[in-house]
Amino acid sequence: DLDREMLDAARTKVGEAELSRLSHDAEEELSAFRVGMSAEAFTRARAAAVDRLVRERFALPTITFI
């Protein structure tokens, strides 16, 4: 939950225009795989890719608890 909260906070800092650009970048990264994916799978993959790009932009760690 803490990792998700951190990503959500970072998304708000990015702003709508940058988030739109990151979403477009994620779609471009996934374009080669889209043909074989269901719409639901593509939506999940795009969301994960946007999360990764936001994480990279802010150099955020991945928070996990063992």
Side-chain angles (χ1 to χ4, degrees):
D1 291 335
L2 188 57
D3 192 61
R4 176 83 275 168
E5 288 178 28
M6 178 183 61
L7 276 171
D8 290 345
R11 280 175 173 258
T12 62
K13 292 290 185 186
V14 167
E16 288 300 316
E18 180 70 6
L19 197 55
S20 178
R21 188 185 68 76
L22 292 176
S23 183
H24 177 74
D25 291 349
E27 286 185 18
E28 283 185 5
E29 288 179 6
L30 295 169
S31 65
F33 307 102
R34 189 171 191 170
V35 172
M37 300 173 96
S38 68
E40 182 181 327
F42 181 76
T43 298
R44 285 193 315 266
R46 182 180 58 215
V50 170
D51 283 348
R52 179 184 51 77
L53 292 170
V54 168
R55 191 180 301 277
E56 287 174 3
R57 185 169 185 303
F58 288 100
L60 298 174
T62 301
I63 300 173
T64 57
F65 295 98
I66 299 174

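Count residues from 1 along the sequence. Values reported hereafter were calculated over all heavy atoms of this structure, with side chains retained and with hydrogens, waters and symmetry mates removed.
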List the residues meeting side chain to side chain donor-acceptor pair (under 3.5 Å) with R57, not counting sequence neighbours, and say none if there are none.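 Applying side chain to side chain donor-acceptor pair (under 3.5 Å) to R57 gives E18.
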Please determine whether a side-chain nitrogen of the Lys or Arg among R52 and E29 lies less than 4.0 Å from a carboxylate oxygen of the Asp or Glu. yes
Note: D3-R55 ion pair, threshold 4.0 Å (strictly below):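 Result for this pair is yes, salt bridge flagged.
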Can you name the residues that form a side chain to side chain contact (heavy atoms under 4.5 Å, CB included) with A47, not counting sequence neighbours?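 A47: no side chain to side chain contact (heavy atoms under 4.5 Å, CB included) contacts found.
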Applying side chain to side chain contact (heavy atoms under 4.5 Å, CB included), name anything that partners T64, two or more places apart in sequence or on another chain.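 With sequence neighbours excluded, T64 shows a side chain to side chain contact (heavy atoms under 4.5 Å, CB included) to T62, given in chain and number order.
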E5 side, atom CD; I63 side, atom CD1 - distance, nearest 0.5 Å: 9.0 Å
Once you round to the nearest 0.5 Å, how far does CG of D8 lie from CG of D1? 10.5 Å
Is the side chain of S20 donor-acceptor paired with the backbone N or O of E16 at a distance under 3.5 Å, no angle test? no
Does the side chain of V54 come within less than 4.5 Å of L19's, by heavy atoms? yes
So E27 and S23, do their side chains get closer than 4.5 Å, heavy atoms only? yes
Do the side chains of M6 and V50 join up, straight or via other hydrophobic residues, at under 4.5 Å, putting them in one cluster? yes
Closest non-hydrogen atom pair, L22 against V14: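 Heavy atoms only, the tightest pair is CD1-CG1, 4.2 Å.
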